[in-house]
J.: 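Sharing a structure below in structure tokens format, with a few things to ask.
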2 protein chains.
Amino acid sequence: MKESGNPHRKLLQSIQADGSLSLADLSEKAGMSQSSTWRKIQELESDGVIRKRVTLLDPGKLDLKLCVIAHVTLEDHHEETVASFASVVSERPEIMECYALSGAFDYMLKIRARDVESYEAFMTHYLLRNRRVRTVVSSFVLRELKFSTELPI
Amino acid sequence: MKESGNPHRKLLQSIQADGSLSLADLSEKAGMSQSSTWRKIQELESDGVIRKRVTLLDPGKLDLKLCVIAHVTLEDHHEETVASFASVVSERPEIMECYALSGAFDYMLKIRARDVESYEAFMTHYLLRNRRVRTVVSSFVLRELKFSTELPI
DNA sequence: TATGAAAAGGGGTTGCT
DNA sequence: AGCAACCCCTTTTCATA
């Protein structure tokens, strides 16, 4: 919340798109000095605008051929029920994304697994076995048309 | 595809989790020499296992308060219909993820917008106005429980 | 040929103007 | 905000098995 000038937006766009750019590259793209660019990045980091830097890997090349979109409803919304579900979500690395939703389902999950068998095993073990989970509807991903981490800024 | 030893897995996990780690950090975590670590990373990059390095930004801090999960069905699956939809998906930055699904709906989309009004505008303009789109069911994200780019390896 | 060590170079970091 | 020095990290080269 401040001066949202063009250079700062340019900077954000650049670091979003490519985390390996050098300060020289970034300052050129943003049209600001190397010093200001560096200081701005520090500011963005301490303000939490920059969450983290990561390396994106190719699931297919790492034997994670299966991606599933699962919709879940719980039996109730008591605090303990919700907390128990949330803890499964945070603990299991197969669950890559999870959102509480408005509408017919309580949650949407994006899950990655090696194959159908390992997904079946994961699902039975961590979701279906849980008495608090009422329904799970799984849709298999046939094709990934887009996966971007770049926010529309 | 070859010797998938523990050190290589450790390396992949480390670069996934933190894209800002130095070679010294990475080689220590993986338990291999700096040289081998460097060479392995080069290999992973040219093999396409490493897709890209990015910086993750906080949507809330950038006035993108709204996240929507939308499910779409098309009127038909003729090549041109599918291609036209795919081009909208690839062009619009608000659409951050899109997957072709098995089951009741053809596609699932994750969309980010500033607020309900701008989402409504985007949706009307790019989805509902498209004659090839039969239905769009939007679920608003009430809470993000998890968003991870780390594959379960 | 593959691996590790250590030199050489470039870029990030810091202080000063 | 810009400049420049420093230092660390990346990258290359060389030596060894």
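To find a chain, count down the sequence lines: A is the first, B the second, and so on, and within it residues start at 1.
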J.: Rounded to the nearest angstrom, tell me the gap between atom CD in B:E45 and atom C1' in D:dT11.
T.: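 Computing the B:E45:CD to D:dT11:C1' distance gives 13 Å.
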J.: Provide, to the nearest angstrom, the distance between the CG atom belonging to B:L23 and the C1' atom belonging to D:dT12.
T.: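 For the pair B:L23 CG and D:dT12 C1', the rounded distance is 13 Å.
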J.: Fit a plane to each ring of B:F105 and B:H71, take the angle between them on a 0 to 90° scale, and name the class: parallel (under 30°), tilted (30 to 60°) or perpendicular (over 60°).
T.: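 Correct class here is tilted.
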J.: Do the non-hydrogen side-chain atoms of B:L64 and A:P152 ever get within less than 4.5 Å of each other?
T.: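 Counting from C-beta outward, B:L64 and A:P152 do come under 4.5 Å.
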J.: Atom NZ of B:K40 to atom C1' of C:dT3: distance rounded to whole Å?
T.: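 Computing the B:K40:NZ to C:dT3:C1' distance gives 14 Å.
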J.: Got a sec? Which of residues 32-39 of chain B come in under 4.0 Å of DNA chain D, heavy atoms?
T.: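 Within residues 32-39 of chain B, the residues near DNA chain D are B:Q34, B:W38.
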J.: Among A:H78, A:E80, A:E75, find the one that has a side-chain hydrogen bond (donor to acceptor under 3.5 Å, both in side chains) with A:R132.
T.: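 Only match with A:R132 under side-chain hydrogen bond (donor to acceptor under 3.5 Å, both in side chains): A:E80.
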J.: What is the separation between atom CG on A:D25 and atom P on C:dG10, rounded to the nearest whole Å?
T.: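 After rounding, the gap between these two atoms is 15 Å.
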J.: Taking C-beta and beyond as the side chain, do B:I69 and B:L109 meet within less than 4.5 Å on heavy atoms?
T.: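 Heavy-atom side-chain distance check fails, nothing below 4.5 Å.
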J.: Could you tell me how far apart A:E28 (CD) and C:dG11 (C1') are, to the nearest whole angstrom?
T.: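 Those two atoms, CD and C1', are 15 Å apart.
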J.: A:I41 has an atom CD1; how far is it from atom P of C:dT13, in whole Å?
T.: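 Roughly 9 Å, once rounded to whole Å.
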J.: Nearest heavy-atom pair of B:C67 and B:R112: which atoms, and what distance?
T.: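 It is CB-NH1, 3.5 Å.
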J.: What residues form a ring pair (Phe, Tyr, Trp, His ring centres under 6.0 Å) with A:Y99, not counting sequence neighbours?
T.: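 Ring pair (Phe, Tyr, Trp, His ring centres under 6.0 Å) list for A:Y99, sorted by chain: empty.
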